[in-house]
Amino acid sequence: MDMGIRGKKALVCASSKGLGKGCALALAAEGVNLVLNARGAEALEATAQEIRDAHGVEVVAVAADITTEEGRAKVLEHAADAEILVNNAGGPPPGNWTEWDRDDFIGAVDSNMLTPIALIQALVPRMMERGWGRVVNITSQSVKAPIPVLGLSNTARAGLTGFVAGTSRQVAGKGVTINNLLPGIHATDRAISLDTSVSEKEGITMEEAKARRCAGIPAGRYGTPEEFGAACAFLCSQHAGFIIGQNILLDGGGINATI
Ligand code: NAP
């Protein structure tokens with residue numbers, strides 16, 4: 001299926017690795033030119049070159065912390081005219097609800113709620129003027145079903161979800177869609193770090209930690225960044241113009257719910 005977005009320009013945040021990279025690769029495969037971002041310059045430049053070589057699209061790589069105002073300003077120097085925005089950043093650390101203080105909550109809200117909101121505010125007005133735009137926020141399955149050790153994520157991402165629910169309906173009439181993709185467990189560095197934390201806490205091997213997690217997933221495995229990227233590219237396509245303010249779960253069936 002032709003996604004109908006060849007030649008468009010996308011900003012994909014936090015995209016040197018993992019799910020962000022999966023989204024960047026899938027968009028590039030559809031002929032979309034990219035601005036990529038991550039903090040570490042070396043991995044970012046390697047990913048940018050991999051995508052140029054594979055798909056021949058223009059790729060600008062901006063090394064910056066997207067959760068800071070200075071970092072966003074640096075990225076926006078190259079991406080203020082992007083027609084597609086994929087919001088992403090690292091997730092908050094696991095822990096226990098009794099341990100988190102104000103600074104922990106402010107950090108999570110800054111990274112996983114206020115940063116995507118700031119980028120929506122920066123890019124969507126121009127998309128509306130042009131009459132076309134796509135925003136996809138990478139959030140988490142924790143929005144549908146809270147994960148006890150990821151209370152910081154549960155909290156911050158719920159805030160973003162509320163913002164998107166209201167705002168997406170205010171911009172849809174101008175051809176701009178805003179939706180959220182909710183990953184369940186995917187095979188990325190984040191999954192390794194979550195499994196490491198379980199293995200250390202429970203005194204089990206990484207293989208056991210992974211097998212335990214897989215036992216709760218009807219698909220019986222972790223998702224891949226490629227599958228995730230393909231869903232993102234579809235949401236950014238011409239065909240997805242009637243999908244507004246939705247929360248789409250990619251979790252291998254892990255959340256046991258009827259809707
Ligand atoms: P990942 O494999 O650890 O990759 C994270 C990417 O984001 C890297 O490219 C990293 O590069 C970049 N990044 C992190 N913090 C950044 C920042 N402040 N500014 C700019 N770039 C930043 O993580 P992932 O699995 O792709 O996860 C992506 C998001 O989905 C996270 O919020 C995560 O919590 C959420 N999620 C993931 C899963 C899963 O199973 N993988 C499940 C649910 C939710 P640098 O470190 O060089 O900056």
Side-chain angles (χ1 to χ4, degrees), residues 1 3 14-15 17-27 29 86-97 108 112 136-158 160-162 164-165 168 177-237 239-240 242-259:
M1 186 193 284
M3 298 291 164
S15 52
K17 299 177 187 169
L19 302 180
K21 180 178 175 183
C23 295
L25 274 162
L27 289 168
V86 180
N87 270 316
N88 187 28
N96 191 293
W97 66 273
N112 300 113
V136 173
N137 303 300
I138 300 179
T139 66
S140 171
Q141 65 180 358
S142 69
V143 170
K144 290 255 186 195
I147 301 170
V149 294
L150 291 178
L152 293 173
S153 171
N154 301 339
T155 306
R157 296 189 198 278
L160 174 63
T161 306
V164 168
S168 60
T177 73
I178 312 179
N179 291 288
N180 302 319
L181 274 181
L182 283 53
I185 195 77
H186 281 70
T188 68
D189 287 357
R190 171 76 170 170
I192 293 170
S193 113
L194 292 173
D195 285 344
T196 302
S197 158
V198 170
S199 119
E200 284 168 0
K201 207 169 144 205
E202 310 277 328
I204 57 176
T205 65
M206 285 289 281
E207 289 69 31
E208 284 168 328
K210 189 171 174 184
R212 259 191 213 181
R213 211 187 282 277
C214 282
I217 305 171
R221 63 175 178 86
Y222 288 11
T224 69
E226 292 76 18
E227 290 169 314
F228 192 88
C232 176
F234 179 75
L235 277 183
C236 296
S237 75
H239 311 295
F242 207 51
I243 303 176
I244 305 293
Q246 296 302 300
N247 292 283
I248 297 169
L249 193 56
L250 298 171
D251 73 338
I255 289 178
N256 190 29
T258 304
I259 54 171

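Just so it is clear, the structure is predicted and the values come from calculations on it, not from any experiment.
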Checklist entry - In Å, rounded to the nearest 0.5 Å, how long is the span from CG of Leu181 to OG of Ser140? => result 11.5 Å

Checklist outcome for this item: Between the CG atom in Asn87 and the SG atom in Cys23, the distance rounded to the nearest 0.5 Å is 11.0 Å

Checklist outcome for this item: For Ala26 and Ala233, the nearest pair of non-hydrogen atoms, with its separation, is CB-CB, 4.0 Å

Item to check | Note, Glu227 side chain near Leu250 side chain (heavy atom, < 4.5 Å) | outcome: no

Next on the checklist: To the closest 0.5 Å, what do you measure between CD1 (Ile147) and CG (Leu194)?
Outcome noted: 8.0 Å

Checklist entry - Should Val86 and Cys232 count as side-chain neighbours, where that means a heavy-atom distance under 4.5 Å? => result yes

Checklist outcome for this item: Separation between CD (Glu207) and CZ (Arg212), nearest 0.5 Å, reads 13.0 Å

Checklist entry - side-chain hydrogen bond (donor to acceptor under 3.5 Å, both in side chains) with Asn180: which residues, sequence neighbours excluded? => result Asn137, Asn247

Item to check | Closest non-hydrogen atom pair between Pro92 and Ala108, with its separation | outcome: CG-CB, 4.0 Å

Next on the checklist: Looking at Ser199 and Ile204, would you say the former's side chain and the latter's main chain have a donor-acceptor pair under 3.5 Å?
Outcome noted: yes

Next on the checklist: Using side-chain heavy atoms (C-beta onward) and a distance below 4.5 Å, is Leu249 in contact with Gln141?
Outcome noted: yes

Next on the checklist: Filter on ring-ring contact (aromatic ring centres under 6.0 Å, His included), then keep only pairs touching residues 197-234, sequence neighbours left out; what's left?
Outcome noted: His186-Phe228

Checklist entry - Step by step, would you call Leu235 with Ile243 a side-chain contact (heavy atoms from CB on, under 4.5 Å)? => result CA-CA 8 Å; Leu235 277 183; Ile243 303 176; 4.1 Å; yes

Item to check | Note, Leu19 side chain near Thr188 side chain (heavy atom, < 4.5 Å) | outcome: yes

Item to check | By side-chain contact (heavy atoms from CB on, under 4.5 Å) - contacts of Asn256 (at least two apart) | outcome: none

Checklist entry - Heavy atoms, side chains only, cut-off 4.5 Å: are Leu150 and Pro94 in contact? => result yes

Checklist entry - Can you check whether Ile244's main-chain N or O pairs, donor with acceptor, with Gln246's side chain at less than 3.5 Å? => result yes

Checklist entry - Could you give the distance from CZ (Arg213) to CZ (Arg221), rounded to the nearest 0.5 Å? => result 15.5 Å

Checklist outcome for this item: Interatomic distance, OG1@Thr205 vs NZ@Lys210, rounded to 0.5 Å, equals 12.0 Å

Next on the checklist: With a 3.5 Å distance limit and no angle check, can you tell me whether Asn112 reaches the backbone of Asn88 through a side-chain donor-acceptor pair?
Outcome noted: no

Next on the checklist: Looking at every heavy atom in both Ile138 and Arg157, which two are closest together, and how far apart are they?
Outcome noted: O-NH1, 3.7 Å

Item to check | Contact summary for Ser168 and Ala165, nearest pair of heavy atoms | outcome: OG-O, 3.4 Å

Checklist entry - Would a 4.5 Å heavy-atom cut-off, applied to side chains only, mark Glu202 and Glu208 as touching? => result no

Item to check | Heavy-atom pair with the smallest gap, counting every atom of Ile255 and Ala145 | outcome: CD1-CB, 3.7 Å

Checklist entry - Looking only at heavy atoms, which two atoms of Cys236 and Val136 are closest? And how far apart? => result SG-CG2, 3.8 Å

